[in-house]
Amino acid sequence: MFDIPLSALEVAMVQTGARAVDTLRDTAAFAQGLERLGYRRIWYAEHHHSPAIGAFPPVVLTAHAGALTSAIRLGSGGVLAPNHAPLTLAEQFGTLAALHPDRIDLGIGRGPGTFDEATARAMRRGAAPATDAEYEGDVSAVLSFLLDEVALGPLPEPWLLASSTAGATLAAQLGLPVAVAHHIRPDNTQAVLDRYRAEFTPSRWCERSRVLLCVETVCADTAEEAAWRVGSMDVVKAGLLKGLSEIPFPTPADAAAHSFTAEERRALAGFRAQQAVGTPETVVARLTQLAGETGADELMLTTPVYDLGDRLRSYELIKKHGEVIAES
């Protein structure tokens, strides 16, 4: 039975030929659409200096979506601790939690949010990348400030993002629920889960280990349509494989005309096999398989396709087919 809670990660892809303000408009419509469909939460990712992904602060998108919705949970997935003062994060998300009680999540991650070294240094006012100890201290400080200095009422729900065993260890030591980046480093997923569950210590934030698994998911009425829509992100991924971070997010037609090397095709096919792409039957079966293999408590779907209507259609098909299975 497919009864696991479903959520969404909003990456805010900026389509070729569109303006950033168009993407912002789409993020608002997306939040309202996902709420109507009954998804549990939407998280906003932090990115900088990318032609394919909007540089929209998660705290701002969370606030905007909070004003336009009434029930769906909202938050960061994640806000990147090395780029921000811990007290600032605690104040921002503590305020959001007071304005939208029991609806705000504070997902914290480590990466710089950019592949550009100059941008990464600018975010840290010229400082070098954070060390493990500095990152661990920042996360602990955010949690302490939430409790000791910012408690205005209901607190945001803190999560730690992890794509490595180091992140899993920190989440376990702090007693935080963990969001596993299967959509980025699927080969690390099982090791992350094993480490987290083996070392988890209950805390005031979380009494037992709790896992959210993020999966790249593209669903369409036919397998051919799904493959067509995935093409745009395939072009961006192929660029990253070559070390190119300045790749725009192309239309599906432009992506279909793109020439991939044999090595790129193998890498993309290998990655796609670990995600969930295809018809509703194929996608729901794959998500069910992933939930069973990992023991995830919740699945978060990220759907980097070009058109907002196609993206919402993907979430609608999954939700409806999952409900049919759950009722059968």
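Excluded from the calculations below are hydrogen atoms, water molecules and symmetry mates; all remaining heavy atoms, backbone and side chain alike, are included. All values derive from a computational prediction rather than experimental measurement.
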Between Leu106 and Leu146, does the side chain to side chain contact (heavy atoms under 4.5 Å, CB included) criterion hold? Intermediate values first, please. CA-CA 11 Å; Leu106 173 53; Leu146 282 174; 4.1 Å; yes
Less than 4.5 Å apart, any side-chain heavy atom of Leu212 and any of Val178? no
Q) Quick one: are Leu89 and Val59 in side-chain contact, heavy atoms under 4.5 Å? A) no
Looking only at heavy atoms, the pair that brings Ala67 and His100 closest together is N-CE1, 4.0 Å
Test: Arg311 cationic atom under 6.0 Å from Phe30 six-membered ring centre, within 45° of axis: yes
Q) How far apart are the C-alpha atoms of Leu61 and Leu24, what are their side-chain angles, what is the distance that settles it, and do they pass the side chain to side chain contact (heavy atoms under 4.5 Å, CB included) test? A) CA-CA 8 Å; Leu61 293 181; Leu24 286 172; 3.6 Å; yes
Residues Gly78 and Pro58: closest non-hydrogen pair is O-CG, 4.3 Å
**Message:** If we ignore hydrogens and angles and just use 3.5 Å, is the side chain of Thr16 paired with the main-chain N or O of Phe249 as donor and acceptor?
**Reply:** yes
Between Leu213 and Thr294, the two heavy atoms sitting closest are CD2-OG1, 3.9 Å
Between the CG atom in Leu317 and the OG1 atom in Thr217, the distance rounded to the nearest 0.5 Å is 12.5 Å
Query - Ion pair check, Arg313 and Asp310, cut-off under 4.0 Å - result: no
Between Asp234 and Arg272, is a salt bridge (Lys or Arg N to Asp or Glu O under 4.0 Å) present by the stated rule, with each step listed?
CA-CA 10 Å; Asp234 279 350; Arg272 190 180 302 179; 2.3 Å; yes
Keeping the roles fixed (side chain from Arg229, backbone from Tyr306), state whether a donor-acceptor pair exists under 3.5 Å.
no
Using a 4.5 Å side-chain heavy-atom cut-off and chaining through intermediate ILVMFWY residues, the residues clustered with Leu68 come out as none
One should read off an interatomic distance between Glu35 CD and Thr69 OG1, to the nearest 0.5 angstrom, of 5.0 Å
Apart from Val21 itself, members of its ILVMFWY cluster (side-chain separation under 4.5 Å) are none
So Ser76 and Trp159, do their side chains get closer than 4.5 Å, heavy atoms only? no
message = Just by distance, no angles: are the side chains of Thr169 and Arg195 close enough, under 3.5 Å, to form a donor-acceptor pair?
response = yes
Could you state whether Ile4 and Val283 fall into the same hydrophobic cluster, counting links through intermediate Ile, Leu, Val, Met, Phe, Trp or Tyr residues with side-chain heavy atoms under 4.5 angstrom apart? yes
Worksheet item: Is there a donor-acceptor pair under 3.5 Å between the side chain of Glu264 and the backbone N or O of Thr261?
Response: yes
Worksheet item: Hey, does the side chain of Gln275 reach the backbone of Glu216 with a donor-acceptor pair shorter than 3.5 angstrom?
Response: yes
### Message
Donor-acceptor pair, distance only, cut-off 3.5 Å: does the side chain of Glu134 make one with the backbone of Thr131?
### Response
yes
Output for pair (Leu176 CG, Ile108 CD1), nearest 0.5 Å, gives 7.5 Å
Correct closest heavy-atom pair for Ile42 and Ala31 would be CD1-CA, 3.4 Å
Any sub-3.5 Å donor-acceptor pair from Thr251's side-chain atoms to Asp254's backbone N or O? yes
If only atom types and distance count, is the side chain of Thr95 paired as donor or acceptor with the main-chain N or O of Glu91 below 3.5 Å?
-> yes
Evaluate Leu174 against Leu143 for side chain to side chain contact (heavy atoms under 4.5 Å, CB included), listing each step before the verdict. CA-CA 9 Å; Leu174 295 175; Leu143 299 177; 4.2 Å; yes
Next item on the list: With the side chain counted from C-beta on, respond yes when Val79 and Tyr44 share a heavy-atom pair under 4.5 Å apart, and no when they do not.
Entry: no
Those residues at least two apart in sequence (or on a different chain) that pass side chain to side chain contact (heavy atoms under 4.5 Å, CB included) with Leu37 are Tyr39, Tyr315, Glu316
Rounded to the nearest 0.5 angstrom, the NZ-CZ distance for Lys237 and Phe260 is 10.0 Å
Would Trp43 and Ser7 count as a side chain to side chain contact (heavy atoms under 4.5 Å, CB included) here? Give the steps. CA-CA 8 Å; Trp43 284 357; Ser7 296; over 6 Å; no
Any donor-acceptor pair under 3.5 Å from Asp105 side chain to Gly107 backbone: no
When rounded to the nearest 0.5 Å, the distance separating CG of Asn188 from OG of Ser163 is 6.5 Å
#### Entry: Within-4.5 Å side-chain heavy-atom neighbours: Gln274 and Thr189
no
Heavy-atom closest pair (Thr165 atom, Ala191 atom, distance to 0.1 Å) is CG2-O, 3.8 Å
Here the gap from Trp205 atom CH2 to Leu160 atom CG, rounded to the nearest 0.5 Å, amounts to 13.0 Å
When every non-hydrogen atom of Glu46 is compared with those of Leu80, the smallest separation belongs to OE1-N, 2.8 Å
Got His182 and Leu290 here, is their nearest side-chain heavy-atom distance under 4.5 Å? yes
Legend entry - Sidechain-backbone polar pair: Asp297 side chain, Val211 backbone, donor-acceptor under 3.5 Å: yes
**Message:** Could you check whether any side-chain N or O of Arg103 sits under 3.5 Å from a backbone N or O of Arg41, counting only pairs where one atom can act as donor and the other as acceptor?
**Reply:** no
Subject >> Any side-chain heavy-atom pair of Glu293 and Thr288 under 4.5 Å >> reply: no
Counting C-beta onward and ignoring hydrogens, is there a side-chain heavy-atom pair between Val215 and Met300 closer than 4.5 Å? no
If Ile, Leu, Val, Met, Phe, Trp and Tyr residues are connected whenever their side-chain heavy atoms lie under 4.5 Å apart, and connections chain through other members, are Val230 and Leu301 in the same group? no
